[in-house]
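Lettering follows sequence order; numbering is per chain, from 1.
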Amino acid sequence: MKFSLLVIGDPVATPACRLALRFARAALAEGHEIYRVFFFSDAARIASRCLQTDLELAGTSRAWEEFADSTGAELLTCVSSAYRRGILDEQEAAAQQVPATLAPSFEIAGLGQLAEAVLTSDRVMTFGR
Amino acid sequence: MKFSLLVIGDPVATPACRLALRFARAALAEGHEIYRVFFFSDAARIASRCLQTDLELAGTSRAWEEFADSTGAELLTCVSSAYRRGILDEQEAAAQQVPATLAPSFEIAGLGQLAEAVLTSDRVMTFGR
Amino acid sequence: MQEINAEKSLLVVLRHPPGEDALTSESLDLAMACGAFIPATTLLFRDAGVLQLLAGQAPDLDTGTSIEKTVHALREYGITRCHVHSGSLARYGLRTGDLCMPCTESDDEQCRLLMKDHDQIIGL
Amino acid sequence: MQEINAEKSLLVVLRHPPGEDALTSESLDLAMACGAFIPATTLLFRDAGVLQLLAGQAPDLDTGTSIEKTVHALREYGITRCHVHSGSLARYGLRTGDLCMPCTESDDEQCRLLMKDHDQIIGL
Amino acid sequence: MTATLHLVSGSASTELLADCIAAASKGDVIILTGEAVYLPLLGVASRAIAAADTSLRIVALARDLDERGMGTRAAALIEVIDDHEMVRLAVACPRSMSWY
Amino acid sequence: MTATLHLVSGSASTELLADCIAAASKGDVIILTGEAVYLPLLGVASRAIAAADTSLRIVALARDLDERGMGTRAAALIEVIDDHEMVRLAVACPRSMSWY
């Protein structure tokens with residue numbers, strides 16, 4: 001079965017990103033596919049390379065990156081959520097004359113990509129705060 | 001009367017930083033002093049220069065910087081809260097080999113500075129989430 | 001499997017009150033985007049989410065948007081089905097006349113049916 | 001005015017449950033730091049904050065700390081006065097024997113007196 | 001004056017307000033801010049406010065109400081104050097406590 | 001099967017659980033995660049769980065309980081499942097709703 005995940009809660013202040021990762025790993029172990037993970041609202045901060053992370057820890061951006069690298073799952077972060085919170089790709093950072101802060105393995109995307117995931121996935125799981 | 005403020009809530013997701021700024025401005029207008037503002041936990045993010053801000057808006061880091069510049073109030077952000085959320089001064093950023101993200105006018109400080117404010121201020125107001 | 005099933009229906013449930021919390025305006029953005037891409041998108045305001053519909057709210061400081069400003073946009077984006085949970089309105093002492101946009105009042109059982117009648121649900 | 005009034009007393013009220021929320025471990029850091037600098041620091045655990053005292057919790061993933069690990073540290077940092085609101089314990093069906101550190105049980109009226117008896121309060 | 005100033009913010013939860021009222025002493029002042037300004041609208045919360053010891057003063061911030069379109073609606077339900085009065089209350093009360 | 005899977009997280013608020021139970025249909029499954037795993041401890045919440053339609057299945061995640069030192073305490077109060085069972089429930093229920 002093809003899953004997509006919508007993650008909303010802040011990666012530091014809430015368990016949302018960690019719980020979503022636990023779900024993704026368990027789904028993989030059960031033989032399912034994680035097609036796309038869409039980080040929205042506060043969860044967009046997972047895509048900040050400013051965020052201190054530790055390879056040991058689940059739910060951090062590096063742990064998500066490892067999951068994506070080994071499974072091909074897409075890690076997308078909502079463009080307006082990200083920019084509003086200072087997660088900037090090279091282009092936007094240049095426009096604002098500040099350092100870029102988007103972590104590798106994450107892509108900035110519009111909400112249309114979430115809608116596409118809703119239409120093409122068998123299940124969409126939302127992980128709130 | 002000498003006030004210090006402890007701000008806890010996230011600058012984007014909660015009104016804490018904006019309400020604290022409204023309190024600070026009203027206190028000034030009433031003839032009082034804001035000695036120190038200590039940004040703790042999620043509120044430490046106010047000190048990120050990645051945070052997109054607009055000079056018109058209250059509660060953002062630039063509005064706080066203007067308040068501090070014109071009043072001499074100290075803007076401190078808790079060192080462990082800040083580092084954990086990727087708000088890094090030059091020294092820590094160099095150690096981690098990532099860009100520094102601490103906005104000007106904010107200083108990284110230990111919790112002892114909060115305790116000192118508790119002991120030397122007439123009132124300490126806490127602004128939660 | 002990659003083929004888009006345009007028949008798929010989506011229910012977006014909005015449960016959080018408005019205010020300075022960024023999530024509210026972001027939720028409306030999400031609803032509009034889904035409305036644009038997914039023809040069968042329905043909104044349900046319930047619990048504290050009904051407060052998003054209160055007339056006379058100031059626009060969000062960060063984005064300049066408010067539900068009153070987005071109501072026409074919602075329609076432009078293809079969202080014509082808006083429901084509000086009657087029990088939630090009653091909890092806050094509100095009537096549909098207090099709301100800034102026309103919504104279908106739905107009672108507990110009708111709200112349960114709304115959930116069952118859609119293929120996917122996003123709770124915000 | 002800049003002179004430190006070492007006689008000033010502080011009550012730190014901890015109301016939030018533990019878990020992956022960073023605020024909990026940060027709150028304990030704050031309490032310890034205040035205990036180190038302000039001799040007359042008292043802790044009061046109430047509402048969902050009493051759950052921080054439950055024995056057997058796993059350490060915080062980010063910091064490796066838990067209240068069980070910090071109990072000795074709390075004392076080292078000079079905090080000897082720890083109170084827990086009896087009504088909050090009852091709400092969760094807990095007794096002081098379920099707690100991982102010794103606390104003085106205080107009823108509603110005693111908690112009100114604690115607030116009145118301190119010069120400053122920090123609510124976390 | 002030994003009153004405590006209580007700031008209630010962050011959620012329109014009746015549990016939060018009930019906890020605050022139960023912990024407050026006679027003569028204390030409770031300010032509703034942020035999402036907590038919705039509380040007077042809630043039947044169960046307005047009953048709690050009405051049932052609270054009359055020596056408790058419970059007020060809401062005008063600007064927070066106005067931003068939520070509740071300025072006129074709230075006047076009948078609760079005493080409304082501006083930011084300056086919040087500061088005066090913070091001066092009058094020797095200590096404050098936050099609930100969120 | 002037309003059941004909906006409900007994920008409750010984010011706070012140990014009895015209001016949140018009550019809202020979820022009131023909105024759920026017969027046959028639905030409710031998973032308590034994060035801070036919501038404290039709810040079975042709360043007298044008022046455990047009564048709500050007990051009073052809920054028996055056709056509702058209400059469970060809590062084992063790892064979230066264990067992290068909070070509630071693993072053994074919870075076993076008597078609520079059905080406990082692991083992350084794999086959460087996935088199986090997500091497969092079994094054609095849609096899910098989050099409460100936070």
So, do Leu10(C) and Val124(A) sit near enough that their side-chain heavy atoms are less than 4.5 Å apart? no
What are the two closest heavy atoms between Ala115(A) and Phe37(C), and how far apart are they? CB-CB, 3.4 Å
What part of Leu30(C) lies closer than 4.5 angstrom to a heavy atom of chain A: side chain, backbone, both or neither? both
CD1 of Ile122(C) to CE of Met125(A), rounded to nearest 0.5 Å, is 12.0 Å
Drop me the distance from Cys34(C)'s SG to Leu111(A)'s CG, to the nearest 0.5 angstrom. 7.0 Å
Is it true that atom CD of Glu90(A) has more than 12 heavy atoms of other residues, nucleotides or ligands lying nearer than 6.0 Å? no
Enclosure of Glu105(C) CD (heavy-atom neighbours >12, cutoff 6.0 Å): yes
How far does CG of Leu119(A) sit from CG of Asp119(C), to the nearest 0.5 angstrom? 9.5 Å
Specify the closest pair of heavy atoms between Gly123(C) and Thr126(A), including all atoms of both residues, with the distance to one decimal. O-CG2, 3.9 Å
So what's closer than 4.5 Å to chain A heavy atoms on Gln120(C): side chain, backbone, both or neither? side chain
As an exercise: rank Ser81(A), Cys78(A), Gly128(A) by heavy-atom pairs under 4.5 Å with chain C and give me the winner. Ser81(A)
What residue pairs, at least two apart or across chains, pass ring pair (Phe, Tyr, Trp, His ring centres under 6.0 Å) with a residue in residues 103-124 of chain C? none
Got a sec, which residues hit side chain to side chain contact (heavy atoms under 4.5 Å, CB included) with Thr77(A), two or more places apart in sequence or on another chain? Phe39(A), Ala44(A), Ala47(A), Ala82(A), Leu102(A), Ile108(A)
Search all heavy atoms of Asp29(C) against all heavy atoms of Ser80(A) and return the closest pair with its distance. OD2-OG, 4.4 Å
Got a second to check how far Leu124(C)'s CG is from Phe40(A)'s CZ, nearest 0.5 Å? 6.5 Å
